Amino acid sequence: MKVRTRIAPSPTGAPHIGTAYIALFNYAFAKHHGGQFILRIEDTDQVRSSRESEQAIFDALQWVGLRWDEGPDKGGPHGPYRQSERTAIYQEHSRKLVANGAAYPCFCTAERLATLRREQAAVKDGIQGYDGRCAALSAEETSRRIQAGEAHVIRLRVPPEGECVLQDGLRGEVRIPWNKVDHQVLLKADGFPTYHLANVVDDHLMEITHVMRGEEWISSLPKHVLLYKAFGWTPPEFFHLPLLRNPDKSKLSKRKNPVSILYYRRAGILPEALINYLGLLAYSFEDGREHFTLDDLAATFDIKRISLGGPIFDIQKLQAFNGRHLRAMPSDELFNRFKDWGLNEQAWLKILPLAQPRLNQLSDLVPLAAYLFADRPAYDPPALLAGGIEGERLVQLLRIAQWEIEKTAGWTLDAIKQIFGQIAEKENLKLKQLLPPFFVAIAGAPVSLPVFDSMLILGRDMTLRRMQYALEALDAQGFALKKDKLKEFEKTYRARYVGGE
RNA sequence: GCCCCCUUCGUCUAUCGGUCAGGACGCCAGGUUCUCAUCCUGGUAAGGUGGGUUCGACUCCCGCAGGGGGCGCCA
């Protein structure tokens, strides 16, 4: 049997470091067994998915050197590799499930479900999940309502009792009572599949033999094996890998850590160092070596050597490994790395028009532009407040800027101008009043090259990171929004910015 | 609240019942270096807890505790 593994990211937001981490093990396993590694884009969430983000995933995975054998950009015998282009396949499979009784149409509205959830939450010790109302509908009523054009989803029929016995390649047997498994929606009212249906159908059709994915999926494994069974398919082997964590041990999140692969690239992390570090998390070589390449990992990979405690993503150690790689390089190679990284003619040609009006001597240029090549610009935290905006207010403004920056479709000068123009307007500030702290956050000083152009040059991920650095600097001075206040504020923000644009 | 998973230095990990519990990052100290960094040497620091099983448990089993994940027409 030919080994086939896959990485199946969702193109929402920045390409996640966790994607590279899971992809790494899938890649290593496939290559170790002379098999194939497939990239599939899971863009069934029409609202959150974007082509821009998909492209960023391609770039990020390519950058770290995880080459896929089949994927949306290069095709293959089992395409299309983008789930949004496979809806007919899912619908057809969904029909099969309804026909053989493994699934059923459900007409319950979002409101009823919300009420149901609220009621269930109120009952202590109560059961959770769909109550199965539509599962009991007669065939006549069901078809009559469908004929009438009533909106409906397709739900998975789950055994009412008993236990689902699962096999996880790392943990062995896992048992989950069926009555704890929800009647999962498989096909949404818009005709798009949910993760569960699309994932199972695709993994089978794409002949995936080994599924290595995040541990967060283990509790939906019963649904997945049930689906394989309902289709009459042999399930692949499953391996649930431990999740990357923040220093506080929660699941790695962008609120607490930079998670964009592109940020690390911009910050000057070498792809081979990132791979080396990621491979060190949850995995160890039998011979104890700690410095290795992707090829080394693939050559010796043994999935049984994955350890199960969720590793904390430690940026400091990543930097230490990066430094070792960097220092070991011959100068000429290092020089080439700098050029690839962005210290090149192209970059200077972008910077020069901004710097030229400010030059008196040639020697002025590099100091003026230094912050564009830094990770964290150096400044005294109080400098952020010099513009006159009070600390807590500034925290709010930085947050708003982050949310708006994440939300915006393209990263262009116009988009950036619009973001800050809008913030100034909605917050009742002149741009001139709003911007000083942003100059400091981005450039490290209240005067610098134009800040919007700087953001454009730095890129979205690095811009976001500098907002985060500024928030940290403010936090150190006692200005921060605590968890609940932040949530509250985010609601206010949504109402003002997202609702009424 | 319910279900599932996990548990060795601060952090990443090694250990296939018998080890002075090893390595790496961090930190500390010393050496090299015009300074700093690098590099080298040394040090610091760990088996959550209570029961079993066993001649012997970090290692196997059970309870508890702690941590994490899941409980969406998100993935």
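Not measured: the values here are computed from a predicted model.
Taking the six-membered ring where tryptophan is involved, the planes of His224(A) and Tyr195(A) are tilted, since the angle between them lies from 30° to 60°. The aromatic rings of Tyr228(A) and Phe238(A) lie perpendicular to each other, with more than 60° between the two planes, well past the 30° mark.
In this structure, C64(B) and G48(B) make a Watson-Crick or G-U wobble pair, each of the two defining distances being under 3.5 angstrom. Look at G1(B): its Watson-Crick or wobble partner, with both distances under 3.5 angstrom, is C71(B). Nucleotide A29(B): paired with U41(B) (Watson-Crick or G-U wobble, both distances less than 3.5 Å). Using N1 to N3 plus N6-O4 or O6-N4 for Watson-Crick, or N1-O2 and O6-N3 for G-U wobble, each under 3.5 Å, A24(B) pairs with U11(B). Across all strands shown, nothing is found opposite U54(B) as a Watson-Crick or G-U wobble partner with both distances under 3.5 Å.
Not a single donor-acceptor pair under 3.5 Å links the side chain of Asp375(A) to the backbone N or O of Gly268(A). Of the possible donor and acceptor atoms, none in the side chain of Thr5(A) sits under 3.5 Å from a partner among the backbone N and O of Phe37(A). Between the side chain of Lys31(A) and the main chain of Phe301(A), no donor-acceptor pair closer than 3.5 Å is present.
Checked against side chain to side chain contact (heavy atoms under 4.5 Å, CB included), Ser138(A) has the following partners two or more places apart in sequence or in another chain: Glu140(A), Glu141(A). Partners of Phe313(A) according to the ring-ring contact (aromatic ring centres under 6.0 Å, His included) rule, which considers only residues two or more places apart in sequence or in another chain, are Tyr264(A), Tyr277(A). Here Glu173(A) pairs with Val165(A), Gln167(A), Arg175(A) under the side chain to side chain contact (heavy atoms under 4.5 Å, CB included) rule; sequence neighbours left out. In this view, Val181(A) and Val158(A), Ile176(A), Trp178(A), Pro222(A), Lys223(A) satisfy the side chain to side chain contact (heavy atoms under 4.5 Å, CB included) rule, not counting sequence neighbours. Checked against side chain to side chain contact (heavy atoms under 4.5 Å, CB included), Ala480(A) has the following partners two or more places apart in sequence or in another chain: Asp475(A), Lys482(A). Here Phe321(A) pairs with His291(A) under the ring-ring contact (aromatic ring centres under 6.0 Å, His included) rule; sequence neighbours left out.
Counting non-hydrogen atoms under 4.0 angstrom, Thr44(A) reaches the backbone sugars and phosphates but no base. Note on Cys108(A): a base of the nucleic acid sits closer than 4.0 angstrom, heavy atoms only. Within the nucleic acid shown, Val185(A) comes within 4.0 Å of sugar-phosphate atoms alone, with no base atom in reach, counting heavy atoms only.
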Summary of protein contacts for nucleotides 26-41 of chain B, nucleotide by nucleotide, where a base hit scores B, a sugar-phosphate-only hit scores S (4.0 Å, heavy atoms): S-----------SS--

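Taking atom CG of Asp314(A) as the reference point, atom P of U13(B) lies 11 Å away to the nearest angstrom. The separation between Arg175(A) atom CZ and C2(B) atom P is 22 Å, rounded to whole Å. Nucleotide C3(B) holds its C1' atom 12 Å from the NZ atom of Lys223(A), rounded to whole Å. For the pair His183(A) NE2 and C71(B) P, the computed distance is 16 Å after rounding to whole Å. In this structure, OH of Tyr130(A) is placed 18 Å from P of C71(B), rounded to the nearest angstrom.
Nucleotides C39(B) and C20(B), compared at atom P, are 32 Å apart to the nearest Å. Taking atom C1' on both nucleotides, C60(B) is separated from C2(B) by 30 Å, rounded to a whole Å. The gap from the C1' atom of U59(B) to that of U54(B) amounts to 13 Å, rounded to the nearest Å. Here the separation of U33(B) from G18(B), taken at their C1' atoms, is 47 Å to the nearest Å. Rounded to a whole angstrom, the distance from the P atom of U15(B) to that of U8(B) is 14 Å. Nucleotides A57(B) and G50(B) place their P atoms 14 Å apart, quoted to the nearest Å. Straight-line distance between the C1' atoms of A14(B) and A24(B): roughly 11 Å, to the nearest whole Å. Atom P of C58(B) sits at a distance of 14 Å from the matching atom of C16(B), rounded to the whole Å.
Judged purely by distance below 3.5 Å, without hydrogens or angles, the side chains of Tyr90(A) and Asp202(A) pair a donor atom with an acceptor atom. Checking Glu272(A) against Asn276(A) by side-chain atom types alone, no donor-acceptor pair falls below 3.5 Å. If you check the side chains of Ser49(A) and Asp43(A), you find no donor sitting under 3.5 Å from an acceptor.
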Is there a ring-ring contact (aromatic ring centres under 6.0 Å, His included) between Phe231(A) and His204(A)? Walk through the geometry before answering. CA-CA 10 Å; Phe231(A) 284 122; His204(A) 178 258; 8.0 Å; no

Going through the distances and angles, do Asp203(A) and Arg40(A) end up as a salt bridge (Lys or Arg N to Asp or Glu O under 4.0 Å)? CA-CA 10 Å; Asp203(A) 281 345; Arg40(A) 181 172 72 225; 2.9 Å; yes

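In the region residues 303-312 of chain A, proximity to RNA chain B at under 4.0 angstrom, judged on heavy atoms, holds for Arg305(A), Ser307(A), Leu308(A), Gly309(A), Gly310(A), Pro311(A), Ile312(A). Taking a 4.0 Å limit (strictly below) on heavy-atom distances, residues 276-292 of chain A reaches RNA chain B at Leu280(A), Leu281(A), Ala282(A), Ser284(A), Glu290(A). A heavy atom closer than 4.0 Å to some atom of RNA chain B occurs in Leu243(A), Arg245(A), Lys249(A), Ser250(A), Lys251(A), these being the qualifying members of residues 242-273 of chain A. Looking at residues 88-106 of chain A, you'll see that no heavy atom sits under 4.0 Å from any atom of RNA chain B.
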Going by atom type alone, with no hydrogens or angles, which donor-acceptor pairs under 3.5 Å involve a side-chain atom of residues 101-108 of chain A and a protein atom two or more places apart or on another chain?
{"residue": "Tyr104(A)", "atom": "OH", "partner": "His183(A)", "partner atom": "ND1", "Å": "2.7"}

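Note that Arg399(A) lies outside the cation-pi zone of Phe489(A), set by a 6.0 Å cut-off to the ring centre and a 45° limit from the axis.
Comparing atom distances between the Glu216(A) side chain and each of C4(B), A24(B), G69(B) picks out G69(B) as nearest. In the set C74(B), A24(B), G72(B), G72(B) carries the atom at the smallest distance from any side-chain atom of Arg117(A).
Proximity of Thr194(A) to the phosphate of C74(B): no side-chain N or O atom is located under 4.0 Å from OP1 or OP2. Contact between the side-chain N/O atoms of Lys180(A) and the OP1/OP2 oxygens of G70(B) is not found at any separation under 4.0 Å.
Around CD of Gln46(A), the count of heavy atoms belonging to other residues, nucleotides or ligands within 6.0 Å exceeds 12.
Residue Leu170(A) is the one, among Leu187(A) and Leu170(A), whose nearest nucleotide of RNA chain B lies closer to the 5' end (criterion: closest heavy atom).
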